[in-house]
Amino acid sequence: MLTHPTLDQMLALGLSGMATAYRELSDQPRGNDLSRDEWLGLMLDREIAVRADKRLTNRLVTAKLRFPDACIENIDFAATRGPDRRQIQVPTCMLWA
């Protein structure tokens with residue numbers, strides 16, 4: 001199979017995640033042990049992940065967040081505003097409900 005034209009076509013179609021996965025799978029010695037369906041599934045999974053990452057990155061840039069790295073774990077409960085820890089933190093048992 002012609003590898004370079006296939007990669008060029010994937011890149012021309014905007015499938016950079018699939019192209020990267022294809023290149024990595026073809027470079028692995030055990031890549032030939034996988035079926036065509038497994039190859040296709042792995043390449044599609046990579047493309048979906050790459051697109052989701054790009055979407056999230058674009059949304060974070062567009063949001064222009066004041067503190068882009070802020071998270072609930074970094075809240076200072078000793079601050080003068082006095083946020084109540086019980087109201088902010090959700091019990092872990094409720095996260096899986």
Side-chain angles (χ1 to χ4, degrees):
M1 182 177 197
L2 301 173
T3 307
H4 294 291
T6 303
L7 288 173
D8 292 340
Q9 288 174 342
M10 285 181 189
L11 292 172
L13 291 171
L15 302 172
S16 60
M18 282 185 78
T20 303
Y22 182 83
R23 198 175 308 118
E24 289 174 2
L25 285 170
S26 62
D27 290 343
Q28 291 181 358
R30 303 194 80 199
N32 294 332
D33 296 342
L34 300 173
S35 70
R36 289 183 305 218
D37 294 334
E38 291 170 327
W39 269 64
L40 182 60
L42 290 171
M43 290 189 312
L44 288 172
D45 287 344
R46 176 68 66 90
E47 183 64 30
I48 289 170
V50 166
R51 288 182 183 210
D53 288 345
K54 284 182 183 177
R55 227 178 359 259
L56 177 62
T57 302
N58 289 338
R59 287 178 179 167
L60 288 173
V61 168
T62 303
K64 297 178 184 174
L65 300 174
R66 184 173 173 193
F67 302 107
D69 297 330
C71 63
I72 289 182
E73 290 82 14
N74 293 339
I75 294 176
D76 181 16
F77 291 102
T80 57
R81 289 181 280 164
D84 186 14
R85 181 183 305 263
R86 290 172 294 173
Q87 290 179 339
I88 294 175
Q89 290 183 329
V90 178
T92 54
C93 62
M94 293 183 72
L95 294 175
W96 303 107

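One is the number of the first residue; the rest follow in order along the sequence.
Proximity of Leu42 to Leu34: side-chain heavy atoms (C-beta onward) are separated by under 4.5 Å at one or more points. Annotation: side chain of Thr6 is not in contact with side chain of Arg23 (no heavy-atom distance under 4.5 Å).
Expressed to the nearest 0.5 Å, how far CG of Asp45 lies from CD of Glu38 amounts to 11.5 Å. Expressed to the nearest 0.5 Å, how far CZ of Arg59 lies from CG of Leu65 amounts to 13.0 Å. Of the inter-residue distances, the one linking Ile48 atom CD1 with Met43 atom CE reads 12.0 Å to the nearest 0.5 angstrom. Atom CG of Asp8 sits about 11.0 Å away from atom CG of Leu13, to the nearest 0.5 Å.
Among Thr57, Leu56, Asn58, the one residue that satisfies the side-chain contact (heavy atoms from CB on, under 4.5 Å) test with Leu60 is Leu56.
When all heavy atoms are compared, the tightest approach of Glu47 to Arg51 is OE2-NE, 2.7 Å. Heavy atoms only, all atoms of each residue included: Ser16 and Leu11 are closest at CA-CD2, 4.0 Å.
Both Leu44 and Met10 are members of a single hydrophobic cluster when ILVMFWY side chains are connected at heavy-atom separations under 4.5 Å.
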